[in-house]
Amino acid sequence: MTALSYLDISKSALKHNLEVFREIVGTHVKLGIAIKGNAYGHGLVEVARALSEIGVDYFYLNAAFEAEQLRQAGIKTPLLMIGYTPLSDLKSIVELDGEVVVYNLESLKALAELKKKVKIHLKIETGNHRQGILLEDLPDFIEFIKRYESLKLQGVSTHFADIEDDRKHHYAHEQLEIFDKAIGLLEEEGLAPHLKHCANTAATLLMPETYFDLVRVGIGIYGLWPSPSVKNVFLESHPDIKLKPVLSWKTLVAQMKPVKKGDLIGYGCTYQMPHDGQIAVLPVGYYDGYSRALSNKGEVLIRGKRAPVIGRVCMNMIMVDVTGIPDLKLEEEVVLIGRQGDEAITAEEMAAWQDTINYEVVTRIGAHVERRVVK
Ligand SMILES: *Cc1c(COP(=O)(O)O)cnc(C)c1O
């Protein structure tokens, strides 16, 4: 069946970005990739297959069903669950040979009760105030782990709150100090973890002191920057390095129609044609992840030219003004994100139109939208 909209996932861009990050971290640091959120919207299994063929040391996941899908697809790369894994899912994760980030005693107890060897990573609260064990509670975890042979402390981790927006990284350094204290406590107790890890993409790009044994790169592997500030600071010292966006999102012309000056377009009649002209209807909408916030704000590419979204984004359709792009054919290609001719629309640009970040733009692309892995 013909997809109403689809993603081209560029394998060569993925490979290029992976090589860039390998080069940045060097050979003695392991490289793990976050593929939660349907691989940031790029397609979980498609991306995991492509990356595991090239070779990565870890995949980071958020939910148990993701681990199941990867193992069913025959992917053998070590998996680490970095979100909250419900107690009732822990058994499945262990059976799938997955590793688990732990930050509460309930999860630790549930894992011990499985009586199976399990690799755990303790998550330390260092200032993000999301997940994590408070330093003062760490001795309880240490005592518990020591009591159970089956619990193997594979790693210790934390997560930064503010590298994307703060050029000086004061807060990240405060977090690192607390992380170091936690590592010290573990080592004193003879529980030196094999893998210490805390660096996301922003830290990997800007703060080599955060690498330890393993990094956790997400957004960068998809060829997107964590923030404009991280991009600018990084490129000041590495002007030759490029990240290549991996994803293009395309749709097709579903209908063309002449309109007259004064005609009202779409639900709520929020747009009035300022001139006689032509509009095209495109079969993509907020169901697919084309945000309703793009109503009267977005742009698409047709024949290498920009055409503005006019009227409200509907569930399954949008309208664009194609006056000045004559003789369009039915089902002609339209680019929502990506390049066409000399023009390009980036995830960052689309994010700016709807007042959000590139992360949200790509992860929100519906899981039902077909992903095609291309060269
Ligand atoms: C998502 C996530 C990452 C990756 O972050 P990016 O900014 O996409 O590189 C790393 N660590 C944790 C704990 C995460 O949740």
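One-based numbering, in listed order, for ligands and for the atoms of each. Residue numbers run from 1 in the order of the sequence given.
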Flag yes if more than 12 heavy atoms outside Y267 fall under 6.0 Å of its OH atom; otherwise flag no. no

So for Q131 against ligand 1, with non-hydrogen atoms under 4.0 Å, the contacting part is neither

Identify, by atom number and element, the atoms of ligand 1 in contact range of K123, meaning under 4.0 Å from any of its heavy atoms. 13 (C)

Is the Y290-Y286 ring centre distance short of 6.0 angstrom? no

I'd like to know if H197 contacts ligand 1, where contact means a heavy-atom distance under 4.0 Å to any ligand atom. no

Please report which non-hydrogen protein atom sits nearest to atom 7 (O) of ligand 1, along with the residue it belongs to and the distance in Å to one decimal place. Y359 OH, 2.7 Å

Are F234 and W225 an aromatic pair, judged by ring center distance below 6.0 Å? yes

Please work out which of the three classes, parallel, tilted or perpendicular, describes the rings of H197 and H121, given edges at 30° and 60°. perpendicular

Test E125 against Q131 for side-chain hydrogen bond (donor to acceptor under 3.5 Å, both in side chains), laying out the working first. CA-CA 6 Å; E125 174 58 71; Q131 304 156 297; over 6 Å; no

When distances are taken from atom 11 (N) of ligand 1, the protein heavy atom at minimum range is R216 NE, 2.9 Å

For atom 15 (O) of ligand 1, what's the nearest protein heavy atom and its distance? K36 NZ, 2.5 Å

State whether the side chain of T158 and the backbone N or O of C198 hold a donor-acceptor pair below 3.5 Å, judged by distance alone. no

Nearest-contact summary for atom 8 (O) of ligand 1 - protein heavy atom, Å: Y40 OH, 2.5 Å

Does the side-chain contact (heavy atoms from CB on, under 4.5 Å) test come out yes or no for S107 and Y84, once each step is laid out? CA-CA 10 Å; S107 302; Y84 178 68; 4.3 Å; yes

What is the nearest protein non-hydrogen atom to atom 9 (O) of ligand 1, stated with its residue, atom name and distance? T201 OG1, 2.5 Å

Ligand-side contact atoms (ligand 1) for residue partner R130, heavy atom cut-off under 4.0 Å: 15 (O)

Using a strict cut-off of 4.0 Å, indicate which atoms of ligand 1 neighbour a heavy atom of I219. 6 (P), 8 (O), 9 (O)

Location of contacts on H159 toward ligand 1, heavy atoms closer than 4.0 Å: side chain

Below a 4.0 angstrom heavy-atom separation, can you tell me which part of I82, side chain or backbone, both or neither, approaches ligand 1? side chain

Nearest 0.5 angstrom please: L301 CG to I345 CD1, how far? 4.0 Å

